[in-house]
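Structure first, then comments.
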Amino acid sequence: MSEKRNIVLITLDSVRADHCSFMGYHRETTPTIDKMAKRGLYFVNAISSSVPTGPSMMGVFTGDYCPIASDDFSGKRWREEFRRKKTLAEVLSQRGYDTGAFHANPYVSSFFGFSKGFKYFNDFVREDEIRTLTTDSKINAFFVSIRRLIKKEGANIPWEKYYDRILEWVEHVSRPYFLWVLLLDTHTPYLPPKECRKWCKVNNWQLIYLFWKIQRRNWKCGGKAEIEKIRDAYDDAIHYADRFIQKLWQDLEDDDPIFIIHADHGDGLGEHGFYRHPILLYEELIHVPLVIYNADIKNKIDKPISLLGLAPTILELIGEENEFPSESFLHGGRDWVISKVFEGWKRKVAVRTKDWKFITGQKDEDELYYLKEDPHEQENVINEYPELAKEMRRIAEIHVKQEMERRRIHERISRLKL
């Protein structure tokens with residue numbers, strides 16, 4: 001049997017597709033990823049299965065939609081859900097891979113079960129950060145955030161502070177290995193080092209103060225000048241993350257790994273009146289970059305694909321059979337994909353084709369957008385195309401019906417096992 005390839009999966013937190021230069025953005029935010037996309041395989045319409053990070057990454061690692069509400073941070077249900085699902089790290093470990101993870105995002109920490117299958121899992125997450133997720137103390141959360149910013153620890157640790165740990169792990173593990181790194185440098189408040197800035201003209205404390213004011217008004221957007229400042233800082237943060245990819249690419253050259261680079265979701269920059277990533281399904285939140293490099297494949301895929309296909313795609317790349325409920329997307333995309341979120345008991349579902357987007361459950365009325373002419377979803381044309389809306393609504397309804405039936409079957413099986 002031929003030697004299996006090393007795999008590096010890099011997740012960029014909160015990076016939207018339309019702010020990456022290889023996707024046509026007017027600023028060169030991603031020069032390294034641009035080269036990888038040109039020499040490898042990239043996807044024009046890669047869609048996250050959910051928002052925000054927790055539900056999206058559960059989909060990446062299990063190949064299945066997350067059934068848990070995006071605002072449920074209790075931890076117990078997340079761990080139970082992972083216990084009954086196979087994960088990518090678990091399957092690769094069974095196939096002889098050494099598996100390691102490095103990140104500082106508390107929402108995908110071991111507390112929520114994301115460490116399943118990893119032999120080494122360093123999430124740099126402090127206990128007080130977990131407490132702020134599981135309590136309603138806004139005052140406590142504020143002081144925890146300030147301390148993190150000052151000390152550059154926890155969720156505010158820059159990649160340069162733990163980069164040597166990644167190389168040390170790679171140096172001492174057996175081959176083949178699977179390395180997952182999630183970069184939080186692209187998450188608010190967008191604070192790359194001063195020497196790495198190209199567009200943002202305000203200093204860190206000015207940015208922190210600006211984000212503090214925005215947070216107090218529940219992340220709603222201000223005027224044009226404010227949006228431009230936030231956009232400049234966001235683009236600098238993406239460019240800083242691209243430097244990490246450049247450095248890791250150079251330092252792991254002798255290992256000849258397959259690189260897979262994607263985002264978990266995007267961020268709002270005023271298109272619908274908000275910043276960051278609320279529990280919604282607009283393009284700025286679910287349309288993400290995805291590049292596969294050094295896998296002996298060079299192509300561009302225009303059809304929509306779901307990030308649910310990442311796990312089976314990785315198995316196909318190393319010649320292993322699929323063990324997940326989703327499909328590999330190496331042979332092209334589909335006519336449509338589904339993205340959805342749960343907010344409490346409310347379900348929101350989006351049906352995304354190459355040129356059209358239908359959303360139900362997000363507003364009082366359903367939404368339909370012609371993305372080819374309206375990429376920022378400003379004009380709901382559902383009354384102009386009633387037949388198309390009817391067909392896409394039917395797709396959403398069938399998906400929900402199948403989802404509920406699967407859940408009932410799992411519940412019956414669970415009771416039988418007891």
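Only a predicted model underlies this, so the values are computations on that prediction, with no experimental measurement involved.
Ring geometry for His265 against His277 counts as tilted: the plane angle lies between 30° and 60°, on a 0 to 90° scale. Trp159 and Phe244 have perpendicular rings, their planes meeting at more than 60° on a 0 to 90° scale where under 30° would count as parallel. Ring orientation note: the planes of Phe259 and Tyr293 are tilted relative to one another, at an angle of 30° to 60°.
For the pair Phe118 and Ser110, the minimum side-chain heavy-atom distance is 4.5 Å or more. Val170 has its side chain within reach of Asp255: a pair of non-hydrogen atoms, C-beta onward, lies under 4.5 Å apart. Inter-residue side-chain proximity for Phe358 and Trp336 is flagged as unmet; no heavy-atom pair is nearer than 4.5 Å. Counting heavy atoms from C-beta on, the side chains of Asp18 and Pro375 never come closer than 4.5 Å. A heavy-atom distance below 4.5 Å is not found between the side chains of His239 and Pro192. Using a 4.5 Å heavy-atom cutoff, the side chains of Lys119 and Val173 are not in contact. Residues Lys357 and His287 fail the side-chain proximity criterion, which asks for heavy atoms closer than 4.5 Å. Put simply, the side chain of Ser21 reaches to within 4.5 Å of the side chain of Glu28, judged on heavy atoms.
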(message) side-chain hydrogen bond (donor to acceptor under 3.5 Å, both in side chains) for His262 and Thr11? Distances and angles first, verdict last.
(response) CA-CA 5 Å; His262 76 106; Thr11 304; 2.8 Å; yes

(request) Determine, stepwise, if the pair Thr188 / Asp267 fulfils side chain to side chain contact (heavy atoms under 4.5 Å, CB included). (result) CA-CA 9 Å; Thr188 53; Asp267 252 5; 4.3 Å; yes

(message) Go through it in stages, so that I can follow the logic: the residues are Glu80 and Ile68, the test is side chain to side chain contact (heavy atoms under 4.5 Å, CB included), and I'd like the CA-CA distance, side-chain angles, deciding distance and then a yes or no.
(response) CA-CA 11 Å; Glu80 289 176 350; Ile68 306 171; over 6 Å; no

(request) Using the side chain to side chain contact (heavy atoms under 4.5 Å, CB included) rule, take Lys229 and Gln206 through it: C-alpha gap first, then chi angles, then the decisive distance, then the call. (result) CA-CA 10 Å; Lys229 288 179 183 177; Gln206 289 173 315; over 6 Å; no

(request) Test Trp169 against Arg165 for side chain to side chain contact (heavy atoms under 4.5 Å, CB included), laying out the working first. (result) CA-CA 6 Å; Trp169 179 83; Arg165 299 191 196 184; over 6 Å; no

(request) Evaluate the criterion salt bridge (Lys or Arg N to Asp or Glu O under 4.0 Å) for residue pair Lys303 and Asp335; output intermediate values, then yes/no. (result) CA-CA 7 Å; Lys303 278 191 171 184; Asp335 291 332; 3.3 Å; yes

(message) Assess the residue pair Asp232 and Arg27 against the criterion (salt bridge (Lys or Arg N to Asp or Glu O under 4.0 Å)); give the C-alpha distance rounded to whole Å, side-chain angles, the decisive distance to 0.1 Å, and a yes or no.
(response) CA-CA 10 Å; Asp232 290 345; Arg27 287 174 169 171; 2.8 Å; yes

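Distance check, rounded to the nearest 0.5 Å: CD of Glu81 to CZ of Arg84 gives 4.0 Å. Atom CG of Leu167 is separated from atom CG of Leu248 by 7.0 Å, given to the nearest 0.5 angstrom. Taking CE of Met58 as the reference point, atom CH2 of Trp78 lies at 5.0 Å (rounded to 0.5 Å). Interatomic distance, Ile10 CD1 to Leu183 CG, rounded to the nearest 0.5 Å: 7.0 Å. Distance NZ/Lys247 to CD/Gln250: 7.5 Å, rounded to 0.5 Å. The distance from atom CG of Asn105 to atom CG of Leu182, rounded to the nearest 0.5 Å, is 5.5 Å.
Using modelled atom types, one side-chain atom of Asn45 and one backbone atom of Asp302 make a donor-acceptor pair closer than 3.5 Å. Listed for the Tyr107 side chain is no donor-acceptor partner under 3.5 Å among the backbone atoms of Pro52. The closest donor-acceptor contact from the side chain of Thr53 to the backbone of Asp264 lies at 3.5 Å or more, if one exists at all. A donor-acceptor contact shorter than 3.5 Å is absent between the side chain of Asn299 and the backbone of Leu41. Judged purely by atom type and a 3.5 angstrom limit, Glu323 has no side-chain atom pairing as donor or acceptor with the backbone of Glu321. With hydrogens and angles ignored, the 3.5 Å screen pairs no side-chain donor or acceptor of His19 with any backbone N or O of Val15. Side-chain atoms of Ser93 come within 3.5 Å of backbone N or O of Gly117 as a donor-acceptor pair. Proximity of a side-chain donor or acceptor of Ser339 to a complementary backbone N or O of Ser48 within less than 3.5 Å is detected. Looking at Arg5, its side chain does come within 3.5 Å of a backbone N or O of Asn294 through a donor-acceptor pair. Panel note: side chain Gln378, backbone His376; a donor-acceptor pair is recorded below 3.5 Å.
Counting all heavy atoms, side chain and backbone alike, Leu281 lies closest to Gln362 at N-OE1, 2.7 Å. Taking both residues in full, the closest heavy atoms of Gly54 and Val108 are given as CA-CG1, 4.2 Å, listed atom of the first, atom of the second, then distance. Residue Gly309 comes nearest to Thr313 through the heavy atom pair O-OG1, 2.6 Å, listed as atom of the first residue, atom of the second, then distance. In this structure, Ala104 and Phe124 approach most closely via the heavy-atom pair CB-CB, 4.2 Å. The nearest pair of heavy atoms linking Ala237 to Asp185 is CB-O, 3.4 Å. Shortest non-hydrogen contact noted between Cys221 and Ile227 is CB-CD1, 4.3 Å.
Using a 3.5 Å distance cut-off with no hydrogens or angles, the side chains of Ser74 and Asp72 do pair a donor with an acceptor. For the residue pair Thr32 and Asp242, a side-chain donor N or O sits within less than 3.5 Å of a side-chain acceptor on the partner. Side-chain contact, Thr360 with Asp366: a donor N or O sits under 3.5 Å from an acceptor N or O. For the residue pair Tyr275/Glu226, the side-chain donor-acceptor check at 3.5 Å is satisfied. If you check the side chains of Asp251 and Tyr163, you find a donor sitting under 3.5 Å from an acceptor.
For His103 and Phe121, the distance between ring centers is under 6.0 angstrom. Ring-centre distance between Tyr120 and Phe102: below the 6.0 Å cut-off.
A salt bridge between Lys198 and Asp235 is absent, with no side-chain N of the basic residue lying under 4.0 Å from a carboxylate O of the acidic one. Asp64 has a carboxylate O that lies under 4.0 Å from a charged side-chain N of Arg406, or vice versa, which qualifies the two as a salt bridge. One finds no salt bridge joining Asp71 and Lys346 here, because no Lys/Arg side-chain nitrogen approaches an Asp/Glu carboxylate oxygen to under 4.0 Å. A salt bridge links Lys116 with Glu90; the closest basic N to acidic carboxylate O contact falls under 4.0 Å.
Within 6.0 Å of atom CZ in Arg217, more than 12 heavy atoms from other residues, nucleotides or ligands are found, so the atom counts as buried in its surroundings. More than 12 heavy atoms of other residues, nucleotides or ligands sit less than 6.0 Å from atom NZ of Lys85. For CZ of Arg394, the number of neighbouring non-hydrogen atoms (other residues, nucleotides, ligands) closer than 6.0 Å is 12 at most. Crowding of Arg243 atom CZ: a count of heavy atoms from other residues, nucleotides or ligands under 6.0 Å not exceeding 12.
Relative to the ring axis of Trp356, Arg352 does not place its NZ or CZ within 45° and under 6.0 Å from the centre.
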